[in-house]
There are 2 protein chains.
Amino acid sequence: MVESEEEFLKKYNVEEFKRPSVTVDIVVFTLIKGKIKVLLIKRGMHPFLDCWALPGGFVKMDKSLINSASKELMEKTGISKKDAYLEQLYTFGNPKRDPRTRVISVAYYALVDSSKIKLKKEHKKNIKDIRWVSVYKLPEKMAFDHREIIMYALKRLRYKLEYTAVGFELLPELFTLTELQKLYSEILNEKLDKRNFRKKILSLGILKPTKEYRKGMHRPARLYKFIESKPSSTFKKIKFEKK
Amino acid sequence: MVESEEEFLKKYNVEEFKRPSVTVDIVVFTLIKGKIKVLLIKRGMHPFLDCWALPGGFVKMDKSLINSASKELMEKTGISKKDAYLEQLYTFGNPKRDPRTRVISVAYYALVDSSKIKLKKEHKKNIKDIRWVSVYKLPEKMAFDHREIIMYALKRLRYKLEYTAVGFELLPELFTLTELQKLYSEILNEKLDKRNFRKKILSLGILKPTKEYRKGMHRPARLYKFIESKPSSTFKKIKFEKK
DNA sequence: ACAAAAGTGTTCCTAATACACCCATGA
DNA sequence: TCATGGGTGTATTAGGAACACTTTTGT
């Protein structure tokens, strides 16, 4: 007599095998004064006491991975899912990456507009500090393999930037072409030609000029808007100069 | 008095939180008679009894993810890591994807040369059948979210094929240009122009002509070899015709 | 009037595409 | 000799890359 699936499930013993822990860690990128930063937390607990780490937490039994990431993002930055770009990055599972026990980390990365951030600075017992740090000047003492995760995220971000319209997630609703170019330039870490950049980005048809201008010390710059229609639309590679 | 990291680790209670299970599932691609196939296993156990599933297994506490995948690949196909291309695909963690308990699956995909495969056909109690199935004709009854995983893997494979030299992993050491073109054509699911394909693929400098020929019913075809030097070298997109 | 950033076109060159015929072999 | 797949070149077009001057504003 063959057992039915129902009968089988009733008898199934969840405790039978030893399980690794699973965490979600997030590389939160934002642009502050034109510089690309990641959110880091100074640990107030072992292991890696006083080292800088990515925000993250254990995955609860009934929460999806993306929701775990989203919740962590909300807790640390006050930004909700719909106000950020959030994408799974890679899963890091080296058995020795956490000295406590086996911990598998599903890493995500997020792109957020810094004007929407409300950093929760009240330091809990386990958090000594929380800061935006330049990806080009990461602290010496980083926890776990978090430096590696950040570098991997940066690689992915550069890559995404060239192929999709994802960069707008780092800017406020209205922005100038120069601001957008500086964003690309900062993240890709290379100089871009103004005329070629404008020609290319405008030809994609994802920007809408507004009638507003950014007034500054000099000639005012037209403000543009990202056309939401196709969220994170893909295009043939945005290529720029060789060097 | 602050506790040292050592002291902390001694007291750390591994059993404190409920943990999800973690599995590794592999989408193994190979080329059989010019058709792109994936390895599927007919389940001889609940849940999804009699449904087709990807090869996979639970991640052991002391095994890295890639090694878990590699071990599974070896067990099912007799192919070792160095004879296959193996890459992490994505992590699937929907809380309801497995009816038993929370199971997070880190999916990998592998590209193997079918001439190296030694399928272990001795059916264990939990395996009713094991087969190579066309990705274009997947069975109706698939276990878990494995259909979704396969489609995701196919998408990634197509993508990889256009940007990297990874396709050679599916062919024996020596192959004709027509065989290579058919591989691209089969996986991308579109017709390719012979002259443009040859021009492009030869210009990449990753193929070495040998002095051997494939004899068949008609004019013999020159055999080529992949230059190992740069494993999975990246190039500017291999573009083909629009349609 | 000048300092500073905004804005704008053209030429060059590389690479993608489209396309058709001759060649070598086995039966 | 014929059927079959192997093998080859050129013309067109699209897009990436290099490059410098005029415009608008605030001071």
Side-chain angles (χ1 to χ4, degrees), chain A residues 33-34 158-159 161-164 171 174-186 188 190-225 234-243, chain B residues 33-34 158-159 161-165 171 174-186 188 190-225 233-243:
Chain A
K33 290 187 197 140
R158 282 176 174 160
Y159 184 82
L161 218 52
E162 293 187 303
Y163 286 94
T164 70
L171 292 175
L174 298 177
F175 49 86
T176 69
L177 291 185
T178 300
E179 285 162 3
L180 184 59
Q181 183 183 334
K182 280 190 175 153
L183 179 159
Y184 271 80
S185 193
E186 162 74 7
L188 299 177
E190 56 186 280
K191 286 217 184 81
L192 303 176
D193 179 85
K194 188 162 45 159
R195 278 170 294 185
N196 289 341
F197 179 81
R198 284 166 186 239
K199 205 188 313 163
K200 185 65 199 269
I201 211 85
L202 289 174
S203 78
L204 297 174
I206 52 175
L207 291 190
K208 202 166 81 185
T210 68
K211 285 177 180 152
E212 294 173 70
Y213 289 82
R214 170 97 68 233
K215 302 214 169 146
M217 289 150 288
H218 306 292
R219 176 174 175 176
R222 184 183 284 275
L223 291 170
Y224 287 78
K225 210 174 161 170
T234 310
F235 29 76
K236 44 278 158 182
K237 172 155 180 155
I238 299 190
K239 262 197 197 142
F240 305 102
E241 286 63 10
K242 275 277 165 54
K243 52 161 217 162
Chain B
K33 291 187 196 138
R158 283 176 174 160
Y159 184 81
L161 217 53
E162 293 187 303
Y163 286 94
T164 71
L171 292 174
L174 298 177
F175 49 85
T176 69
L177 291 185
T178 300
E179 286 162 1
L180 184 59
Q181 184 183 334
K182 281 191 173 152
L183 179 159
Y184 271 80
S185 193
E186 161 74 7
L188 299 177
E190 57 187 279
K191 286 218 182 81
L192 303 176
D193 179 85
K194 188 162 43 160
R195 278 172 294 186
N196 290 341
F197 178 81
R198 285 167 185 237
K199 203 189 313 166
K200 184 66 198 266
I201 210 85
L202 290 175
S203 78
L204 297 175
I206 52 174
L207 292 190
K208 202 166 80 184
T210 68
K211 285 177 179 152
E212 294 172 71
Y213 289 83
R214 169 98 68 230
K215 303 215 168 148
M217 288 149 286
H218 306 293
R219 176 173 174 177
R222 185 183 283 274
L223 291 171
Y224 287 78
K225 208 174 162 170
S233 44
T234 310
F235 28 77
K236 44 278 157 183
K237 172 154 179 155
I238 298 189
K239 261 196 199 143
F240 304 104
E241 285 64 9
K242 277 275 165 57
K243 53 162 215 163

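Order of the sequence lines sets the chain letters (A, B, ...), proteins ahead of strands, with each chain counted from 1.
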- request: Look only at the side chain of S185(B) and the backbone of E190(B), and say whether a donor-acceptor pair between them is shorter than 3.5 Å.
  value: yes
query: Would you say E162(B) and L188(B) make side-chain contact, with heavy atoms under 4.5 Å?
result: yes
- request: Identify which nucleotide among dG6(D), dT24(D), dC19(C) has an atom closest to any side-chain atom of P220(A), counting heavy atoms from C-beta outward.
  value: dT24(D)
field: Minimum-distance nucleotide to R195(A) side chain [options: dG7(C), dC19(D), dC19(C)]
entry: dC19(D)
message: What's T176(B) touching, base or sugar-phosphate or nothing? Going by heavy atoms closer than 4.0 Å.
response: nothing
- prompt: Once you round it to whole Å, what is the distance between C1' of dG7(D) and CZ of F197(B)?
  reply: 14 Å
message: Taking any heavy-atom pair under 4.0 Å as a contact, classify K199(A): base, sugar-phosphate, or nothing.
response: base
task: List the steps, then state whether side-chain contact (heavy atoms from CB on, under 4.5 Å) holds for K194(B) with R198(B).
output: CA-CA 6 Å; K194(B) 188 162 43 160; R198(B) 285 167 185 237; 3.4 Å; yes
message: Any donor-acceptor pair, under 3.5 Å, between the side chain of R219(A) and the base of dA6(C), if you only look at N and O atoms?
response: yes
task: Let me know the distance between CZ of F175(B) and C1' of dG6(D), rounded to the nearest Å.
output: 16 Å
- request: Starting at atom NZ of K215(B), determine the distance to atom P of dT25(C), rounded to an integer number of angstrom.
  value: 8 Å
message: Rounded to whole Å, how long is the line connecting atom CG of L202(B) with atom P of dA16(C)?
response: 14 Å
query: Rounded to the Å, how far apart are I201(B) CD1 and dT8(D) P?
result: 15 Å
statement: Smallest heavy-atom separation, T164(A) atom then Y184(A) atom, equals O-OH, 4.1 Å
query: Taking atom C1' of dC21(C) as reference, at what distance in whole Å does atom CZ of R198(B) sit?
result: 15 Å
- line: Considering only heavy side-chain atoms of H218(B), the closest of dA5(C), dG7(C), dA3(D) is dA3(D)
- request: Please confirm whether the backbone N or O of F175(A) pairs with a side-chain atom of R214(A), one donor and one acceptor, at under 3.5 Å?
  value: no
statement: The nucleotide from dA6(C), dG9(D), dG7(D) with an atom nearest the side chain of A221(A) is dA6(C)
task: Could you state the atom-to-atom distance from CZ of R222(B) to C1' of dT25(C) in whole Å?
output: 16 Å
query: For the side chain of K194(B) and the base of dG7(D), is some donor closer than 3.5 Å to an acceptor across the two?
result: yes
- request: Nearest whole angstrom, please: distance from the C1' of dA17(D) to the NZ of K200(A).
  value: 12 Å
